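Being a predicted model, the structure only gives us computed values, none of them experimental.
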Amino acid sequence: MSNSSAARAEKRELWQSRIEDWQASELNQSAYCRQHGLALPRFQYGKRRFSEPSPSRGLRLVPIKAEPGSSSLNPGGRGIIRLHAHGYMLEIEPGSDVTLLAVVLDVLGGR
């Protein structure tokens with residue numbers, strides 16, 4: 001394991017321990033932070049970032065919004081997908097280059 005990987009794993013463990021400690025304390029976040037000398041915004045960031053298991057490398061979930069009647073069927077019977085993500089709308093047609101789509105979603109995700 002590289003030094004950066006070890007540091008990330010150590011940071012994740014620290015935050016998971018803090019989150020578990022906060023949940024067991026039955027204090028609200030603000031009171032817990034005051035009691036432990038933590039900045040509330042930093043705690044909230046750590047909670048969002050480290051409270052869930054880390055996704056597999058390269059796997060990212062992007063929220064999508066389905067609009068009723070937004071699919072147009074082509075003659076082959078397969079529909080166009082309209083994907084709304086991060087303020088953008090993508091129209092994905094059957095046969096689209098999935099490698100290019102993955103790159104576009106990665107860029108839009110800002111990660």
Side-chain angles (χ1 to χ4, degrees):
M1 186 181 294
S2 71
N3 285 343
S4 62
S5 295
R8 280 194 302 271
E10 190 175 310
K11 187 180 276 190
R12 177 173 290 284
E13 288 177 24
L14 171 67
W15 277 101
Q16 287 175 335
S17 174
R18 284 179 176 163
I19 293 162
E20 289 170 8
D21 187 45
W22 162 68
Q23 289 171 331
S25 75
E26 297 184 5
L27 295 170
N28 64 34
Q29 291 179 20
S30 188
Y32 178 84
C33 289
R34 272 193 308 275
Q35 193 174 74
H36 291 85
L38 299 169
L40 179 60
R42 181 73 183 134
F43 179 80
Q44 291 170 331
Y45 172 80
K47 182 176 170 284
R48 274 192 317 273
R49 179 138 191 241
F50 297 108
S51 65
E52 298 176 4
S54 60
S56 300
R57 183 171 178 86
L59 174 65
R60 293 190 176 86
L61 300 178
V62 178
I64 61 171
K65 178 176 80 174
E67 296 178 354
S70 66
S71 298
S72 323
L73 291 179
N74 65 18
R78 297 177 63 195
I80 294 173
I81 298 171
R82 288 189 178 89
L83 175 68
H84 297 263
H86 304 285
Y88 295 93
M89 189 200 46
L90 300 173
E91 288 190 2
I92 306 159
E93 297 181 3
S96 295
D97 180 349
V98 293
T99 303
L100 176 60
L101 177 59
V103 170
V104 169
L105 291 174
D106 193 44
V107 168
L108 293 177
R111 295 175 172 76

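In terms of heavy atoms, W22 sits closest to N28 at NE1-C, 3.6 Å. Heavy atoms only, all atoms of each residue included: I19 and K47 are closest at CD1-CA, 3.6 Å.
Here R34 contributes atom CZ and F43 contributes atom CZ; the two are 13.0 Å apart, rounded to the nearest 0.5 Å. Atoms CD and CG, from Q35 and L27 in turn, are 5.5 Å apart once rounded to the nearest 0.5 Å. Taking CG from L40 and SG from C33, the interatomic distance works out to 5.0 Å, rounded to the nearest 0.5 Å. Atom OG in S25 sits 7.0 Å away from atom NE2 in H36 (nearest 0.5 Å). Atom-to-atom distance recorded for D97:CG and I92:CD1 is 11.5 Å, nearest 0.5 angstrom. Taking CD from E20 and CH2 from W15, the interatomic distance works out to 13.5 Å, rounded to the nearest 0.5 Å.
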Practice problem: Evaluate the side-chain contact (heavy atoms from CB on, under 4.5 Å) criterion for residues S4 and R8: first the C-alpha distance (whole Å), next the side-chain angles of each, then the deciding distance (0.1 Å), finally the verdict. | Solution: CA-CA 6 Å; S4 62; R8 280 194 302 271; 3.9 Å; yes
